[in-house]
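Have a look at the structure below, then the notes.
All values below were derived from every heavy atom in this structure, side-chain atoms included, with hydrogens, water molecules and symmetry-related copies excluded.
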Amino acid sequence: MPKPSNSVEREALITSAGGFLIERHIADAMSAAHWHNQVELNFLMEGQMTYIFNGRQEQVDAGRLVLFWAAIPHRTIAVTSNAPLICIYLPLVDFLSLPIDRNVRQAIMQGRFSADTRPYPADAVLLPQWVADWEHGDMARRRLILDEVKLRIRRFVLDAPDDNHDFARRRSPPAASIAVQRTETLTDLIHTRYCESVSLPMLAGLAGIHPSTANKIFHSVLGISVNEYLTRYRLARAMQQLAETNSPILQIAYDCGFGSASRFYDIFKRRTGTTPRLFRSSLGRDGGADERDALDI
């Protein structure tokens, strides 16, 4: 398997892989936030790395496993030079099948960023071995890696406190603090009002910022516009409801702020490559025949 050399190549690799994937590369800062449908685990071998996840900064030290749902837009903004990073991408269907606490699972899908409270010494040996076995092993060994990753996640969840954000420390570098704080204000507004009919001028007004300034600041931190983040966040919330509830798809479309079934279908199909109904079915859920209307949503 060719090793991706930068964040753009890695995003293409993740998208093309679709299923389970594990790879190692030299960590780098990303030029923009991205998203994909897997649950992601990161393990930094050396140094430190700072993420923007769910609109907030999260700093993690080497040797501590990190887990988050990557459908939430995220970006690395600061990384120790030449620090090796191992990334694991677990399909959502595999994550949902794990026998873990339901509240923890829901918290992760609602945007919780989790990091190990302390280094787990076996990770420094086991994860590089997983990479080597994934790259050079046969199908039986690859299936074994997937099983071992699932077990590691179960231990991760058991060891995690109720709220372990203290271990993924938020720090704002002075030069970027104002921009980051205003971005956090905007993302907080999106997280609380995404189900409403909101606009950039409305969000900027609530944040006390001129719309053009708000968009410029937001783009400088996350690499995408306010409206693009709003769309991605609405999709993440819709995917969560499709996976976690039996709510009718039409109701989910309105609850997540899409305004109409056709708009929801068009955006969902264009961004994910499948329909909401097929996405739900792929996770072993069936909303019932009443949802199969002319739009196949």
Side-chain angles (χ1 to χ4, degrees), residues 11 14-15 30-40 51-58 67-77 92 95 105-114 165 168 170 179-207 209 211 214-245 247 249 251-261 263-274 276 279-280 297:
E11 185 168 3
I14 297 164
T15 302
M30 299 166 61
S31 59
H34 76 157
W35 72 307
H36 47 90
N37 294 346
Q38 295 104 323
V39 169
E40 184 169 342
Y51 301 76
I52 294 284
F53 180 80
N54 216 359
R56 297 188 177 277
Q57 287 196 88
E58 307 281 2
L67 183 148
F68 55 89
W69 187 37
I72 304 293
H74 56 283
R75 176 187 180 188
T76 52
I77 60 171
L92 184 59
F95 176 72
R105 184 175 67 243
Q106 288 184 338
I108 290 168
M109 294 195 69
Q110 290 169 6
R112 174 172 171 174
F113 183 96
S114 298
H165 280 71
R170 292 180 183 143
V180 170
Q181 288 171 10
R182 289 182 173 176
T183 297
E184 289 182 351
T185 299
L186 289 165
T187 55
D188 283 344
L189 287 167
I190 289 172
H191 299 165
T192 56
R193 294 176 176 265
Y194 70 94
C195 56
E196 305 172 16
S197 178
V198 297
S199 63
L200 173 59
M202 173 187 170
L203 293 168
L206 291 170
I209 314 170
N215 221 24
K216 182 178 180 181
I217 288 172
F218 200 90
H219 198 283
S220 72
V221 174
L222 282 175
I224 56 177
S225 68
V226 173
N227 284 333
E228 175 65 13
Y229 184 92
L230 174 61
T231 298
R232 294 187 187 187
Y233 190 79
R234 282 173 167 165
L235 273 174
R237 297 279 63 80
M239 291 165 69
Q240 177 213 344
Q241 290 196 39
L242 288 167
E244 290 280 312
T245 76
S247 299
I249 294 177
Q251 185 63 50
I252 291 174
Y254 286 110
D255 286 348
C256 294
F258 287 97
S260 71
R263 174 172 168 76
F264 178 48
Y265 173 88
D266 290 342
I267 292 176
F268 198 99
K269 183 69 161 56
R270 187 167 63 248
R271 297 299 186 98
T272 69
T274 188
F279 174 78
R280 172 176 268 174
I297 67 171

* Would you find a donor on one side and an acceptor on the other, under 3.5 Å apart, between the side chain of R75 and the backbone of M30? -> yes
* How long is the span from the CD1 atom in I217 to the CG atom in L186, to the nearest 0.5 Å? -> 8.0 Å
* Identify, with sequence neighbours excluded, every residue that meets salt bridge (Lys or Arg N to Asp or Glu O under 4.0 Å) alongside D266. => none
* Sequence neighbours excluded, which residues qualify as side-chain hydrogen bond (donor to acceptor under 3.5 Å, both in side chains) partners of S225? -> none
* **Listed once per pair and sorted, the salt bridge (Lys or Arg N to Asp or Glu O under 4.0 Å) pairs that draw on residues 194-206, sequence neighbours left out** => R193-E196
* Any side-chain heavy atom of E40 within less than 4.5 Å of one from L67? -> no
* Structure fact -> Looking only at heavy atoms, the pair that brings I249 and P276 closest together is CG2-CB, 3.9 Å
* N215 side chain vs V226 backbone, donor-acceptor pair below 3.5 Å -> yes
* Can you list the residues that meet the side-chain hydrogen bond (donor to acceptor under 3.5 Å, both in side chains) rule with R105, with sequence neighbours excluded? -> E244
* Check the pair M109, M239 against side chain to side chain contact (heavy atoms under 4.5 Å, CB included), reporting the backbone distance first and the verdict last. => CA-CA 9 Å; M109 294 195 69; M239 291 165 69; 6.0 Å; no
* Can you list the residues that meet the side-chain hydrogen bond (donor to acceptor under 3.5 Å, both in side chains) rule with Q251, with sequence neighbours excluded? -> D255
* **Exercise: identify the closest heavy-atom pair between Q240 and W69** => N-CH2, 3.8 Å
* **Any L222 side-chain heavy atom under 4.5 Å of F218 side chain** => yes
* Who passes side-chain hydrogen bond (donor to acceptor under 3.5 Å, both in side chains) against S220, sequence neighbours left out? -> none
* May I ask you to decide if the ring planes of F113 and F53 are parallel, tilted or perpendicular, using 30° and 60° as cut-offs? => tilted
* Asked: Excluding sequence neighbours, so at least two apart, what forms ring-ring contact (aromatic ring centres under 6.0 Å, His included) with F268?
  -> F264, F279
* **Which residues share a ring-ring contact (aromatic ring centres under 6.0 Å, His included) with Y194, sequence neighbours left out** => Y233
* **Shortest non-hydrogen contact between R280 and T245, atoms and distance** => NH2-O, 3.0 Å
* Asked: At what distance, to the nearest 0.5 angstrom, does OH of Y254 lie from SG of C256?
  -> 13.0 Å
* Asked: Is it true that a side-chain atom of H191 and a backbone atom of T187 form a donor plus acceptor pair closer than 3.5 Å?
  -> yes
* Asked: Going from NE2 on H219 to CD1 on I224, what distance comes out if it is rounded to the nearest 0.5 angstrom?
  -> 8.0 Å
* Asked: What closest approach, in Å, do A214 and A204 show between heavy atoms, and which atom pair accounts for it?
  -> CB-CB, 3.9 Å
* R271: partners by side-chain contact (heavy atoms from CB on, under 4.5 Å), with sequence neighbours left out -> W35, E228, T231, R232, L235, I267
* Gap separating the CD1 atom of I190 from the CZ atom of R237, nearest 0.5 angstrom -> 12.5 Å
* Please check if the side chain of H74 supplies one atom and the backbone of H34 the other of a donor-acceptor pair under 3.5 Å. => yes
* Structure fact -> In this structure, CG of N54 is separated from CD1 of I72 (nearest 0.5 Å) by 5.0 Å
* To do: Output the distance between atom CG (L203) and atom CG (L230), rounded to the nearest 0.5 Å.
  => 7.0 Å
* To do: Could you check Y265 against F258 for side chain to side chain contact (heavy atoms under 4.5 Å, CB included), going step by step and ending with a plain yes or no?
  => CA-CA 9 Å; Y265 173 88; F258 287 97; over 6 Å; no
* Structure fact -> Taking every heavy atom of V221 against every heavy atom of V180, the minimum-distance pair comes out as CG2-N, 4.1 Å
* Test item: N37 and L92 side chains (from C-beta on) under 4.5 Å apart, heavy atoms -> no
* Asked: Between A71 and A236, which heavy-atom pair has the shortest distance, and what is it?
  -> O-CB, 3.6 Å
